[in-house]
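First the structure, in the form of structure tokens, and then the observations on it.
So you know, we letter chains A, B, ... as the sequences are listed, proteins then strands, and number each from 1. The analysis underlying the following values was restricted to heavy atoms, covering all of them including side chains, and did not include hydrogens, waters or symmetry mates.
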Number of protein chains: 2
Amino acid sequence: MANMSGLGIEDTGPQLGRNLTYGMLDAIGRAIVVGDYDGATFPTEAELAKQHGVSRSVTREAVKMLTAKGLLSARPRQGTTVQPTTSWNLFDTDVLRWLLERQFSIDLLRQFNELRVAIEPEAAALAARVATVDDIERVNAGLKRMERAERGDDDALESDIAFHVAVLRASRNPFYAQFRDVVSTALRTSIRFTNRVKGRTANVADHAAVRDAIAGGNPEKARKAMRALISDVLELIDTAKPDGAAAGR
Amino acid sequence: MANMSGLGIEDTGPQLGRNLTYGMLDAIGRAIVVGDYDGATFPTEAELAKQHGVSRSVTREAVKMLTAKGLLSARPRQGTTVQPTTSWNLFDTDVLRWLLERQFSIDLLRQFNELRVAIEPEAAALAARVATVDDIERVNAGLKRMERAERGDDDALESDIAFHVAVLRASRNPFYAQFRDVVSTALRTSIRFTNRVKGRTANVADHAAVRDAIAGGNPEKARKAMRALISDVLELIDTAKPDGAAAGR
DNA sequence: AAATCACATTTATCTGATTTAAACGGCTTG
DNA sequence: CAAGCCGTTTAAATCAGATAAATGTGATTT
């Protein structure tokens, strides 16, 4: 990692920085999440600016954004410090991305899906009660895309995501809708994994059961159908790594 | 509200602004969430600075933080614009606070608890599988505080929060732990509401059932016990306002 | 030993200038 | 008339340098 510091070229990322501030946000954010500052003391504002070759205003704005996302905290005289991971805002799109970029981790994948197994079945149940015709139409559209994908006429992953996001939205609860990033991220990662382990794609029929339950206004059925979908992935993960962290009982 | 504008005293808030930037963050954030800029065009950087009597750097840093939280978006020539609520980061502590400060809304309270009913039972189930002895001890400590509170020797609300947060933490999944703010916020709001509707406090025995299931390593029981706890609140809310938004079916 | 004071360090704030991005309108051209 | 080109203009983005405020640290005083 240090051996390429003299190149003046970042291996990834510059395309994401629409401007200097966002570029710096991305660089520092990633560095923090990866753990580059773990033992070390975080540089001062002036040092950061010099290291990245930008002005102090750009630096301050990037640091302020990272503060807003819970990664940093700044105080006069004490300096800027990296916050413990417990205060990071894990539902922030950027934080999520940095988290995934650091490495593939079955642990993280499991945690993602442990969250999904709580959220999505309940979202489906809610949707079965309160979804509007438009909501249902969007869910249906996602399902149709999955069918097309099965015939090779659409992208399997993207249509899968479209379906799950549509269900979240159909719950008509903004907090559920908020999970679209987590779910799509989890799916993007899961699918590669499940394809690697087993040679199967997402089951369209199982997804149709969810759609039917929602359209039919049957919360219990919707919850169970969705839960089955995700439990399936979770079992796969637990098979690969039987015991996550059952410490000290 | 306008009749006290000449006093030079804010009814709430100045203590939250450790400095000018955070004060401005709070002021603008609240204004956005309350809806002050709904029809109107958002002021330019220079205008904002003048209106709040601070320099442009402070303004820019506050705006950048709000951008990081998903409330704003800025582009040259177009200016800074308020983002649709769908892109707000609802799990951010500040956003959550602003959301509640705007008014008491049964809708919001229901949405909170619809989320809780998904998260907390599953967290309890997870906890029953993977919690460490320390985790269980924390859950137990919360319960004991609730018992003391019943005798008037502790704060009922705070001990209730301590219990629920301990369970989230015991799930050993950082995503679940992240909900501590939502849950404590929801509880703070719920309790006032449930006390107003029914004259009862949180049931210690019902909470003990959750603790027992977690300590006993029984996921199914833990899930059900926790679910019962929250369903109770949800029913209360739905009684007060039978049909939230079952539009166009 | 405790309280106080001077100092050093780092973020916080202000000011004003310069640069860059992108929407707008008018113009030219096919 | 439609499509593409080009200055104009506006607002954010960036830079530079100075000053203020907060807060540990250590010396000094009582």
Side-chain angles (χ1 to χ4, degrees), chain A residues 8 10 13-29 31-32 37 39-84 87 94, chain B residues 10 13-29 31-32 36-37 39-84 87 94:
Chain A
E10 237 59 49
Q15 69 285 4
L16 282 168
R18 324 193 266 260
N19 54 38
L20 291 184
T21 306
Y22 281 83
M24 196 173 191
L25 166 72
D26 199 59
I28 302 180
I32 293 173
Y37 295 109
T41 60
F42 198 80
T44 114
E45 179 179 310
E47 287 167 346
L48 264 184
K50 187 176 290 181
Q51 285 171 14
H52 292 259
V54 295
S55 72
R56 276 186 32 248
S57 1
V58 168
T59 306
R60 285 189 60 76
E61 286 168 22
V63 166
K64 275 281 142 65
M65 286 202 270
L66 288 163
T67 304
K69 293 173 189 294
L71 303 204
L72 290 177
S73 167
R75 292 174 55 189
R77 170 75 207 199
Q78 177 190 314
T80 307
T81 53
V82 175
Q83 293 292 102
S87 70
D94 291 323
Chain B
E10 236 62 48
Q15 71 283 4
L16 282 168
R18 323 193 268 260
N19 53 38
L20 291 184
T21 306
Y22 281 83
M24 197 174 191
L25 166 72
D26 200 59
I28 303 180
I32 293 173
D36 285 355
Y37 294 109
T41 60
F42 198 79
T44 122
E45 177 180 310
E47 287 168 347
L48 264 184
K50 187 176 289 180
Q51 286 170 15
H52 292 259
V54 295
S55 72
R56 276 183 22 252
S57 13
V58 168
T59 306
R60 285 187 61 78
E61 287 168 20
V63 166
K64 274 280 143 63
M65 285 202 271
L66 288 163
T67 304
K69 292 173 189 295
L71 304 204
L72 290 178
S73 169
R75 293 172 56 189
R77 168 75 207 202
Q78 177 188 315
T80 308
T81 52
V82 175
Q83 293 292 102
S87 70
D94 291 323

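One finds no side-chain N or O of A/Ser57 lying less than 4.0 angstrom from the OP1 or OP2 phosphate oxygen of D/dA13. Contact annotation: B/Thr80 does not reach the phosphate of D/dA11 (side-chain N/O to OP1 or OP2, under 4.0 Å). OP1 or OP2 of D/dA12 has at least one side-chain nitrogen or oxygen of B/Thr44 nearer than 4.0 Å. In terms of phosphate contacts, B/Lys64 brings a side-chain nitrogen or oxygen within less than 4.0 Å of OP1 or OP2 of D/dA13. Contact between the side-chain N/O atoms of A/Ser55 and the OP1/OP2 oxygens of D/dC15 is found at a separation under 4.0 Å.
Annotation for A/Leu66 and A/Gly29: closest pair CD2-CA, 3.8 Å, computed over non-hydrogen atoms. Between A/Arg56 and A/Ala49, the shortest heavy-atom distance links the atoms CG-CB, 4.0 Å. Smallest separation of non-hydrogen atoms from A/Phe42 and A/Thr81: CB-CA, 4.5 Å. Closest non-hydrogen pair, A/Leu48 versus A/Met24, comes out as O-CE, 3.8 Å. Nearest approach of A/Ala68 to B/Ala68, heavy atoms of both residues: CB-CB, 3.8 Å.
Put simply, the side chain of B/Glu47 gets close to the backbone of B/Thr44: a donor and an acceptor are under 3.5 Å apart.
Comparing A/Glu61 and B/Gly79 by the nucleotide of DNA chain D that holds the closest heavy atom to each, the one mapping nearer the 5' end is B/Gly79.
Nucleotide D/dA11 holds its P atom 13 Å from the CG atom of B/Leu48, rounded to whole Å. Rounded to whole Å, atom P of C/dA12 lies 16 Å from atom CE of B/Met24. What separates CG of A/Asn19 from P of D/dA13 is a distance of 6 Å, to the nearest Å. What separates CD of B/Glu45 from P of C/dT15 is a distance of 14 Å, to the nearest Å. The distance between atom CG of A/Leu20 and atom P of D/dA12, rounded to the nearest whole Å, is 17 Å. Atom CZ in B/Arg60 sits roughly 15 Å away from atom P in C/dC14 (whole-Å rounding).
Two residues are said to be in side-chain contact when any heavy atoms from C-beta on lie closer than 4.5 Å; A/Met65 and B/Met65 fail this criterion.
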Return the polar atom pairs (N/O with N/O) between nucleotides 18-25 of chain C and the protein under 3.5 Å, or none.
residue: C/dA23; atom: OP1; partner: B/Arg75; partner atom: NH2; Å: 2.5

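The listed nucleotides are C/dT11, D/dC15, C/dT13; the one nearest the side chain of A/Val58 is D/dC15.
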